[in-house]
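The block underneath contains the structure these notes are about, expressed in structure tokens.
Everything numeric here is computed off the predicted structure, so don't read it as measured data. Throughout, a chain's letter reflects where its sequence line sits, starting with A, and its residues are numbered from 1.
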Protein chains: 2
Amino acid sequence: MKLTDAKFKFITSWGVFGSQWGINKTMAQIHGLLLVAEQPLSTEEVMETLQISRGNANMNIRSLIDWGLVYKESKIGERKEFFRGEKDIWVVSKRVVKMRHEKELLPLLRLLEELNCQEITDGDPKSITIYKETIQDISKFAKQADTMLTRVENANENWFWKKLMKLFIR
Amino acid sequence: MKLTDAKFKFITSWGVFGSQWGINKTMAQIHGLLLVAEQPLSTEEVMETLQISRGNANMNIRSLIDWGLVYKESKIGERKEFFRGEKDIWVVSKRVVKMRHEKELLPLLRLLEELNCQEITDGDPKSITIYKETIQDISKFAKQADTMLTRVENANENWFWKKLMKLFIR
DNA sequence: ACAAACTTTCAGTTTTTACTGAAAGTTTAA
DNA sequence: TTAAACTTTCAGTAAAAACTGAAAGTTTGT
């Protein structure tokens with residue numbers, strides 16, 4: 001098998017996995033491409049390799065930069081921008097965790113807070129109690145998850161895995 | 001605020017959060033509805049409450065059953081099927097983790113295994129080495145994540161949080 | 001100040017995903 | 001064995017998400 005073919009296989013699959021997470025296929029493919037690229041690539045090279053339009057390439061590269069998974073670079077003597085993928089997979093996952101934390105858990109916490117504060121004025125008292133308990137349970141859980149995620153986001157790789165592995169070996 | 005309104009607010013938002021994860025909006029709404037329902041509900045009641053068609057309700061309820069988030073129940077004297085939501089949020093998350101583990105991580109592990117085995121016959125030796133290292137790093141990480149997830153899936157709630165909290169408080 | 005080189009935006013289009021509703025299938029009771 | 005009561009399926013349709021490409025915007029060197 002040729003190296004190029006292996007890389008293409010990786011990129012394509014990375015796209016599929018990405019789309020199973022909330023990340024769109026092209027965004028994941030660009031990320032995959034930059035993960036296995038030895039040198040930073042230009043927008044043109046990304047467009048060409050993945051056969052996508054300029055707009056598409058540009059938008060998704062921006063997104064990846066927002067996520068902290070790709071960095072903008074310039075080469076001396078070149079006016080074009082080049083893009084370098086974050087290669088440290090631990091850093092990549094921390095960024096993804098952080099993004100999902102913010103976009104998925106924090107809004108839930110806010111909603112639960114709001115529902116917890118709302119006085120329920122109308123309804124069968126027993127039903128109200130049951131409902132409040134349900135919301136309380138979910139809140140408690142969400143808060144614990146929040147604490148844990150915050151800590152993962154600030155953890156150091158070796159320390160994290162070492163501790164975590166130890167933890168699970170009863 | 002009326003109890004019914006609060007519940008509706010919860011259900012609608014639960015749908016939004018669901019759709020940010022891979023779960024489709026209606027599936028998440030049905031789940032939300034059954035989370036705050038005191039009694040098991042019939043397909044008809046779900047259809048009516050969420051204003052959705054029979055086919056849609058049926059399909060998504062099946063999905064929820066597959067995920068282990070909803071149980072089928074029968075009431076004596078009633079021919080209809082009723083559906084009860086899993087209320088223990090810890091159980092709910094374990095099921096979701098398990099599902100995502102199977103659908104998202106295992107296929108990645110298989111791909112990486114495959115790429116690791118493939119002999120690369122053609123390409124610059126140095127480039128091949130770099131590529132192999134990249135794949136190796138990702139593999140190593142994916143395997144650790146796999147081990148961890150498997151253990152979470154089998155963990156007991158109190159034990160899990162207690163240990164985890166201890167772990168993170170340096 | 002100009003224009004070449006490059007990046008960003010966005011209206012229109014394509015692709016993908018989800019939903020409807022009616023028809024087919026299944027179960028139960030008489 | 002029949003039919004009523006219920007569940008499932010799926011072809012067609014609607015809604016949502018992603019992509020294209022050309023036009024507008026920006027930066028840089030002379």
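- Nucleotide dA5(C) holds its P atom 15 Å from the CZ atom of Phe82(A), rounded to whole Å.
- Nearest nucleotide to the side chain of Ile52(A), out of dT7(D), dT20(D), dT27(D): dT20(D).
- Summarising the geometry, the separation between CD1 on Ile61(B) and C1' on dT9(D) is reported as 15 Å, rounded to the nearest angstrom.
- If you measure from atom CD1 of Ile30(B) to atom C1' of dC19(C), you get 12 Å, rounded to the nearest angstrom.
- Within 6.0 Å of the NZ atom in Lys75(B), the count of heavy atoms belonging to other residues, nucleotides or ligands exceeds 12.
- Atom-to-atom, NZ of Lys75(A) to P of dA5(C) comes out at 19 Å; the value is rounded to the nearest Å.
- Aromatic ring orientation, Trp161(B) versus Phe141(A): perpendicular (interplanar angle above 60°, classes split at 30° and 60°).
- Between Met59(A) and Glu78(A), the one whose closest nucleotide on DNA chain C sits nearer the 5' end is Glu78(A).
- Protein atom CG of Asn24(A) is 13 Å distant from nucleotide atom C1' of dA16(D), rounded to whole Å.
- Among Thr43(A), Leu50(A), Thr49(A), the single residue meeting the side-chain contact (heavy atoms from CB on, under 4.5 Å) criterion with Met47(A) is Thr43(A).
- Other residues, nucleotides and ligands contribute only 12 or fewer heavy atoms inside 6.0 Å of the NZ atom of Lys25(B).
- Counting distance only, with no hydrogens placed and no angle test, the side-chain atoms of Arg54(B) and the base atoms of dT20(C) include no donor-acceptor pair under 3.5 Å.
- Taking atom NZ of residue Lys80(A) and atom P of nucleotide dT7(C), one finds them 8 Å apart after rounding to whole Å.
- Out of dG21(C), dT7(C), dA5(D), the shortest distance to the side chain of Ser53(B) is found at dG21(C).
- Distances from the side chain of Lys72(B) to the nucleotides dT8(D), dC6(D), dT7(C) place dT8(D) closest.
- Ion pairing between Glu153(A) and Lys98(A) fails under the 4.0 Å rule for side-chain N and carboxylate O.
- Place Phe83(B) and Arg79(B) on DNA chain D by their nearest nucleotides, and Arg79(B) ends up nearer the 5' end.
- Atom-to-atom, CD of Glu44(B) to C1' of dT8(D) comes out at 14 Å; the value is rounded to the nearest Å.
- Note on Asn60(B): a side-chain N or O is less than 4.0 Å away from OP1 or OP2 of dC19(C).
- Between Thr26(B) and dC19(C) there is a side-chain N or O to OP1 or OP2 distance below 4.0 Å.
- Between Asn58(A) and dT7(C) there is no side-chain N or O to OP1 or OP2 distance below 4.0 Å.
- Taking only side-chain atoms of Arg62(A), from C-beta outward, the nucleotide of dT8(C), dT7(D), dT7(C) with the closest atom is dT8(C).
- Place Glu81(A) and Asn56(A) on DNA chain C by their nearest nucleotides, and Glu81(A) ends up nearer the 5' end.
- In this structure, Met47(B) places its CE atom 12 Å from C1' of dT7(D), rounding to the nearest Å.
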